[in-house]
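Read through the structure below, which is laid out as C-alpha cells, and then see the notes.
Heavy-atom basis, side chains included; hydrogens, waters and symmetry copies ignored. Predicted, not measured: the structure shown is a model, and the values here were computed from it. The first residue of the sequence shown is numbered 1, and numbering continues consecutively from there.
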Amino acid sequence: MTANIILAAATASYDLTVDLEDIRPALDHLVSEVVSTALSSATFQRALTAGMDDIASVMRAVPAAEGRLLEKGIALLAKYNPDLIVLTDNLRLPVTKAAAELVAMNEAALVKALSLDADSGGRKSYTPDLLIINRSTKIGHLVDVKRSLSSYEVARITELKNRMLAAALVVPDLLYKEHRRLHVEEVRVVILNAENQRTDIDGGVWPLTHLDHLLEIMGAGEVIAHLRELFQRRVEANWKSALNDHRLDTSNSPMISRSDPTEHNGVRPRPSEDEPSASRTPVSIGFARPPRIAMA
C-alpha cells in the first residue's frame, strides 16, 4: 500500500506551481528575519567572549530557529494556493480524556468521522504548528513540523500521533465557532519530517518532499528544502565570522608581562656577593605526606 501511495504521489500533478527564482527574495527575507534575532554574528561573538555556557545556549537555539523558519516558509507557500487558509496562532487544542479514549479504542479511519465539542476542556492540550484548511475539498490538515525525528523513539512518535488525533476531534467545532464559520468535513493529521527519514506515509509521517501534495502546489517541497539549506549556510557563515573576529580580538589583546622588574633588556643581573642567593637555601625534596596526628 505504501509503495502505491508513494508512486501516486510522485506522479501527481497540480495546476499551481511555485518557481524557486521568483520566491528567492522572500526566502532570503525569512532567513534574515529568523537569524538576526538569535543567531547573528554578533550573538555568536558575545557567546564566545562569555564562555561555554553562553555558547551552548546559542547552539541550542539553532534547531528551534530552524523549526520556526520551516513553519514560516510553509505558511508563505500556502498563500500561493487561494483555496488554502493557514492558521498558526492561538491553536491550543484541548485533549480530553474522552478524545484520548476514542483514539485508543478505534481505528484511525473511524476516528476521522467523529468530532467533539471544542469547549469540553481538559487538562491536556496540543498546539499544532499549522492548521491548513482547504476550502475546496473541505479537508483540514493538523500539521506538526519536525526538523528531525532521529532522536524520537517509536513509542514517542506513536504518542504524538495519538495526541494529534485526539486534538483533531475538536477542530471542526473550533473552526466553526472561532474562525468565521469555517467548515471542514474531515481533519487529517500529518507530521512533516524535514530530514526525509523515518517516514510512514500511511501513518501520517511524511517527508518534506511531500509538501507539494499537502499544499497542492508543484515545487513546494523543493522550495522548503532550499530554505533549509539557505538557513544552514547563513548560520554557518555567521559562526565562522564570529570565530574569526574572536581570534583577532584575542591575538590583538595586550599580554600580561611576566618579566622580573629588575631585568634589563631581558637579562637578569647577577646577585652581588653580599646578597644571599636563593640557590644556597637548603631545599627538601620528597613525596607528599599526610599531616602528623597529635599524640594525646
Side-chain angles (χ1 to χ4, degrees), residues 1-31 33 67-89 91 108-109 112-113 115 128-147 164 168 171-172 174-176 179-197 199-231:
M1 176 67 74
T2 301
N4 292 336
I5 292 177
I6 293 176
L7 180 61
T11 58
S13 178
Y14 304 102
D15 294 335
L16 298 171
T17 302
V18 60
D19 185 81
L20 178 58
E21 292 304 316
D22 290 342
I23 202 173
R24 195 182 296 275
L27 300 182
D28 288 336
H29 176 74
L30 276 183
V31 172
E33 185 180 72
R68 291 195 303 273
L69 179 69
L70 292 175
E71 295 167 23
K72 288 177 177 289
I74 294 172
L76 173 68
L77 286 176
K79 294 179 181 178
Y80 284 76
N81 186 341
D83 287 334
L84 299 183
I85 296 175
V86 180
L87 303 177
T88 58
D89 299 324
L91 292 176
K112 70 180 184 181
S115 64
D129 294 319
L130 302 161
L131 178 54
I132 303 174
I133 300 101
N134 190 314
R135 287 177 292 193
S136 176
T137 63
K138 291 183 173 54
I139 295 175
H141 279 97
L142 203 62
V143 184
D144 199 303
V145 183
K146 299 296 183 188
R147 60 182 296 274
M164 292 176 71
V171 168
L174 178 79
L175 291 176
Y176 186 78
H179 294 279
R180 302 185 300 276
R181 298 293 192 263
L182 287 176
H183 175 65
V184 292
E185 296 177 351
E186 187 177 343
V187 181
R188 302 172 181 174
V189 305
V190 59
I191 301 172
L192 282 178
N193 184 12
E195 288 192 347
N196 296 329
Q197 297 174 346
T199 58
D200 178 8
I201 307 301
D202 287 339
V205 183
W206 286 13
L208 201 58
T209 51
H210 273 47
L211 187 62
D212 293 29
H213 317 299
L214 185 63
L215 303 182
E216 297 187 359
I217 300 174
M218 300 298 294
E222 179 187 355
V223 167
I224 296 300
H226 175 77
L227 181 65
R228 286 193 75 208
E229 182 182 347
L230 186 63
F231 168 82

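With values rounded to the nearest 0.5 angstrom, Leu142 atom CG is found 10.0 Å from Ile132 atom CD1. Once rounded to the nearest 0.5 Å, the distance linking CH2 of Trp206 with CD1 of Ile201 reads 7.0 Å. For the atom pair CG of Asp83 and CD of Glu216, the computed distance is 7.5 Å after rounding to the nearest 0.5 Å. Note that the CG atom of Leu30 and the CG atom of Asp28 stand 9.0 Å from one another [nearest 0.5 Å]. The structure places CG of Leu214 at 10.0 Å from CG of Leu208, a figure rounded to the nearest 0.5 Å.
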Apply side chain to side chain contact (heavy atoms under 4.5 Å, CB included) to residues Ile23 and Leu77 and explain how you reach the verdict. CA-CA 9 Å; Ile23 202 173; Leu77 286 176; 3.5 Å; yes

Can you check side chain to side chain contact (heavy atoms under 4.5 Å, CB included) on Tyr176 and Leu182, steps first, answer last? CA-CA 5 Å; Tyr176 186 78; Leu182 287 176; over 6 Å; no

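Residues satisfying the side chain to side chain contact (heavy atoms under 4.5 Å, CB included) criterion with Glu71, sequence neighbours excluded, are Asp129, Val145. Among residues two or more places apart in sequence or in another chain, the side chain to side chain donor-acceptor pair (under 3.5 Å) test is passed with Asp144 by Tyr126, Lys146. For Asp19, the side chain to side chain contact (heavy atoms under 4.5 Å, CB included) criterion is met by Glu21, Asp22, not counting sequence neighbours. Residues that satisfy the side chain to side chain donor-acceptor pair (under 3.5 Å) test with Lys72, not counting sequence neighbours, are absent from this structure. Not counting sequence neighbours, the partners of His29 by the side chain to side chain contact (heavy atoms under 4.5 Å, CB included) test are Glu33. Applying the side chain to side chain contact (heavy atoms under 4.5 Å, CB included) rule to Lys79 yields no partners; only residues at least two apart in sequence or on another chain are considered.
Of all non-hydrogen atoms in Val86 and Ala75, the two that sit nearest each other are CG1-CB, 4.3 Å. Across Pro172 and Ala168, no two heavy atoms sit closer than the pair CD-O, 3.5 Å.
Screening Thr88, Leu175, Val143 for a side chain to side chain contact (heavy atoms under 4.5 Å, CB included) involving Leu131 leaves a single residue, Leu175.
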Pairs under 3.5 angstrom only: tabulate donor-acceptor contacts from the side chains of residues 218-231 to other protein residues two or more places apart or in another chain.
unit_1: His226; atom_1: NE2; unit_2: Arg24; atom_2: NH1; d: 3.0
unit_1: Arg228; atom_1: NE; unit_2: Glu66; atom_2: OE2; d: 2.6
unit_1: Arg228; atom_1: NH1; unit_2: Ala194; atom_2: O; d: 3.2
unit_1: Arg228; atom_1: NH2; unit_2: Glu66; atom_2: OE2; d: 2.9
unit_1: Glu229; atom_1: OE2; unit_2: Arg233; atom_2: NH1; d: 2.9

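Side-chain contact between Glu186 and Lys138 is absent, with no heavy-atom pair separated by less than 4.5 Å. Looking at heavy atoms from C-beta onward, Ile133 lies in side-chain contact with Leu87 at the 4.5 angstrom threshold. With a 4.5 Å cut-off on side-chain heavy atoms, Val205 and Val190 do not count as touching. Leu16 is not listed as a side-chain neighbour of Tyr80, based on a closest heavy-atom distance of 4.5 Å or more. Between Pro207 and Leu192, the closest side-chain pair of non-hydrogen atoms is not below 4.5 Å.
With hydrogens and angles ignored, the 3.5 Å screen pairs a side-chain donor or acceptor of Arg135 with a backbone N or O of Pro82.
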